[in-house]
Amino acid sequence: MIVDAADTTLLINKQYLNLPVSQKEDRDNMSFIINGKQERAFKIRLAKNDIDYWVFCDVSSFKGKKIQIHYKDGDAGLNKIYQSDEIAGQDSLYKEKNRPQFHFTTRRGWINDPNGLIFYDGEYHLFYQHNPYEKEWENMHWGHAVSRDLVHWTELPEALYPDNLGTMFSGSTVIDYNNTAGFNKGKTPAMIAAYTAATDQRQTQCIAYSLDKGSTWTKYNLNPVIDSKDKWNSVDTRDPRIFWYEPSKHWVLVLNERDGHSIYNSANLKNWTYKSHTTGFWECPDLFELAVDGNPQQKKWVMLGASNTYMIGSFDGKTFSPESGKHYFSSGSIYAAQTFTNIPAEDGRRIQLGWGRISHPGMPFNGLMLIPTELTLKSTKNGVRLFSKPISEYERLFTSLNKWSNLTTDKANEVLQPYNNKDRFRIKATIRLSHATGAGLSFFGQRILDYDMNYNRVNDVFYSPEDMTSMKISADIYIDRTSIEVFIDDGAYSYSMERKPASGNTEGLHFWGNNIEVTSLQIFDAASIWQ
């Protein structure tokens, strides 16, 4: 049956439009029209009858104007849309049953790749792939949040909206201190974003600039600045990563194209020249230099892809030359991780933030950002490798509740029983194997640490400890309401997973393995990042 499209008109006098969603409905097109001009367009499963959850649009920039709301699938749900200065569910925001308490999540909708991670004027900026209108992937915008400590976040209005070139895919930001692009105003340097505009037929690279710390953006009127589909005979040309290369004083753009990462150079962020290509990566490139073992006289470059696999090598501003790899240092739910740019020299850390592909049952949002980690290069028995540990700022969230040493398995399981009902906590443990070739820790039947010494595997991924004859393994485990993150042997390897419901299992935290010794054990309470 064909349903006629319908319209309703509202005089905007509030900050938000609240829109009802039903996952039972098919997606259809909605648009906002002001004075005959389409201002926004997106797809939504507008609820006709039963409402599963509410989403919202920030329409504060349209106050005092009449918006004609056009919806392709008739008017059954249009009369449920309402204006308010609060989003629907504001009274329970960040306190919902399955809201992660020490991981960033968006108020409503779907999130995936972190974008444009940058520190500027005392604030860390997190942009991210965002569908504001549903808890599934669609309608890619750049969402935006800021933090002063990388722990507590404040969500801001959407930064980049889809346009006639496509939806807003992943990218990066820089501060153009030298005004190479000509967008600066007086003493205010422009924050410049490089992003992919995506359609089903073509993905092109564009830039936009902001003069108010990322609050509002102006897209470059001669976009796109790179259109390389014809060169590669592929739609897959996306996720530009830009940074300043000081030795040659030019901009570098790393772009995932077809089967790997390409390098482009520019003097002004507008005109780009192709230089080289490294195969073997897929999506979301990152490229940066780190000191080995903290020695500034010995540095290596690291190239990563979306799976967090990496190569170590050298870089001359035009060509990345691999020396070893591909390696991995993290696995599980992590994807599309990026590192922050513009970190002050006196700080000097390389801080990474990754998307956790984790759902939250019954919630009107999906996905999360994993704990920010500091990346370092260390010499190992296998050569130079990346290590990853939670940033020091996260320590303030955790308060030690108890600690023990040299426990038998039975005694360790006994002392942990009082903590089984906590919805969020942290546990640090070191176990020694003697009669067992496999051992670990489970949580209501879910094996959150499973060390197979015989096959050198941790949770089914190959892992060889630095001391090849070691009988020990240590784990720093962060358990939130819907996720679990585990850091092995001081950050040599890490992984993340969805926290599964207990499903009738009653054993709680439970060490297993034949005659293992829990040489150290500590449990921490976890504060919430939502204030």
Side-chain angles (χ1 to χ4, degrees), residues 100-105 114 117 119 124 126 128 145 147-153 286 288 290 294 302 304 308 310 328-340 343 347-358 367-378 385-401 403 422-430 441 443 448-449 458-459 461 463 473-499 520-531:
Q101 291 299 291
F102 56 85
H103 291 85
F104 174 84
T105 49
L117 304 182
F119 179 84
Y124 296 92
L126 163 60
Y128 50 90
S147 172
R148 290 195 169 272
D149 59 4
L150 282 172
V151 177
H152 305 92
W153 294 91
D286 205 349
F288 51 83
L290 282 177
V302 180
L304 295 98
N308 242 21
Y310 66 97
Y328 63 86
F329 64 99
S330 61
S331 66
S333 75
I334 190 170
Y335 196 74
Q338 291 285 289
T339 58
F340 280 86
I343 297 288
D347 183 325
R349 292 178 295 173
R350 178 62 58 169
I351 298 172
Q352 185 184 70
L353 189 62
W355 168 39
R357 296 170 291 181
I358 288 171
L368 54 76
M369 294 300 164
L370 296 168
I371 294 173
T373 59
E374 179 181 359
L375 303 184
T376 54
L377 283 178
K378 296 183 180 181
R385 295 291 186 270
L386 268 178
F387 281 60
S388 173
K389 293 177 61 175
I391 57 171
S392 58
E393 289 90 336
Y394 252 69
E395 289 292 333
R396 70 190 67 170
L397 287 177
F398 301 98
T399 304
S400 180
L401 296 175
K403 63 188 302 184
K422 295 182 68 63
D423 71 342
R424 61 185 190 271
F425 58 96
R426 175 187 177 192
I427 183 169
K428 295 179 72 174
T430 300
L441 176 66
F443 185 44
I448 58 180
L449 172 62
V458 173
N459 286 55
V461 175
Y463 173 72
I473 190 168
S474 67
D476 191 1
I477 304 168
Y478 296 77
I479 300 179
D480 206 341
R481 288 178 174 173
T482 57
S483 66
I484 299 171
E485 292 188 65
V486 183
F487 296 84
I488 299 296
D489 289 344
D490 207 30
Y493 170 57
S494 62
Y495 54 95
S496 54
M497 66 183 80
E498 187 168 345
R499 175 179 173 177
S520 65
L521 178 63
Q522 189 170 9
I523 194 159
F524 302 80
D525 198 14
S528 174
I529 66 172
W530 308 116
Q531 298 175 329

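Bear in mind that the values here come from a model prediction, so they are computed numbers and not experimental data. Each residue takes its place number in the sequence, starting with 1.
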Side chain to side chain donor-acceptor pair (under 3.5 Å) filter on Asp525, not counting sequence neighbours, yields Lys422
Side-chain donor or acceptor of Trp530 paired with backbone N/O of Pro100 under 3.5 Å: yes
Considering the options Asp476, Asp489, Asp490, which one meets the salt bridge (Lys or Arg N to Asp or Glu O under 4.0 Å) requirement together with Lys389? Asp490
Only one of Tyr495, Phe398, Tyr394, Phe425 clears ring pair (Phe, Tyr, Trp, His ring centres under 6.0 Å) with Tyr478; which? Phe398
If you round to the nearest 0.5 Å, how far is CG of Asn308 from CG of Asp286? 9.0 Å
Do the side chains of Phe104 and Leu353 get nearer than 4.5 Å, heavy atoms only? no
Rounded to the nearest 0.5 Å, what's the gap from OG1 on Thr376 to CZ on Arg350? Could you check? 12.5 Å
Looking at Leu386, is its backbone amide N or carbonyl O close enough to the side chain of Tyr310 to form a donor-acceptor pair, meaning the two atoms are under 3.5 Å apart? yes
Decide yes or no for Val461 and Tyr463: does some side-chain heavy atom of the first lie under 4.5 Å from some side-chain heavy atom of the second? no
Lys/Arg-Asp/Glu bridge criterion (N-O < 4.0 Å) met for Asp480, Arg499: no
Does Phe329 form a side-chain contact (heavy atoms from CB on, under 4.5 Å) with Leu375? I'd like the steps, not just the answer. CA-CA 10 Å; Phe329 64 99; Leu375 303 184; 3.8 Å; yes
Less than 4.0 angstrom from a charged side-chain N to a carboxylate O is my criterion; do Arg426 and Glu395 meet it? yes
Heavy-atom nearest pair, Ala527 first then Phe102, reads O-CB, 4.2 Å
What distance do Leu117 atom CG and Gln338 atom CD have between them, rounded to the nearest 0.5 Å? 6.5 Å
No-hydrogen, no-angle side-chain donor-acceptor test under 3.5 Å, Gln101 and Asp423: no
Using atom types as modelled and distance alone, determine if a side-chain donor or acceptor of Arg357 lies under 3.5 Å from a backbone N or O of Ser333. yes
Roughly how far, to the nearest 0.5 Å, is OH of Tyr328 from CD1 of Ile334? 14.5 Å
Decide yes or no for His103 and Ile358: does some side-chain heavy atom of the first lie under 4.5 Å from some side-chain heavy atom of the second? no
Assess the residue pair Thr339 and Leu304 against the criterion (side-chain contact (heavy atoms from CB on, under 4.5 Å)); give the C-alpha distance rounded to whole Å, side-chain angles, the decisive distance to 0.1 Å, and a yes or no. CA-CA 10 Å; Thr339 58; Leu304 295 98; 5.9 Å; no
Do the non-hydrogen side-chain atoms of Val458 and Val486 ever get within less than 4.5 Å of each other? no
Do the non-hydrogen side-chain atoms of Leu150 and Phe119 ever get within less than 4.5 Å of each other? no
Minimum heavy-atom separation for Ser494 and Phe487, please, with both atom names. CB-CD2, 3.5 Å
Closest heavy-atom pair, Leu126 versus Trp153, reported as atoms and distance to 0.1 Å, is CB-CZ3, 3.6 Å
Could you grab the distance from atom CZ of Arg424 to atom CG of Leu397, nearest 0.5 Å is fine? 9.5 Å
Enter the distance from Ser483:OG to Leu370:CG here, rounded to the nearest 0.5 Å. 7.0 Å
Could you check if a side-chain atom of Ile448 sits within less than 4.5 angstrom of a side-chain atom of Ile479, using non-hydrogen atoms only? yes
Taking side-chain contact (heavy atoms from CB on, under 4.5 Å) as the definition, give me every residue that meets it alongside Ser520, ordered by chain and number, with sequence neighbours left out. Thr430
Quick one, Ser392 and Arg349 - any side-chain contact, counting heavy atoms below 4.5 Å? yes
How are the rings of Phe340 and Tyr124 set to each other: parallel, tilted or perpendicular (split at 30° and 60°)? perpendicular
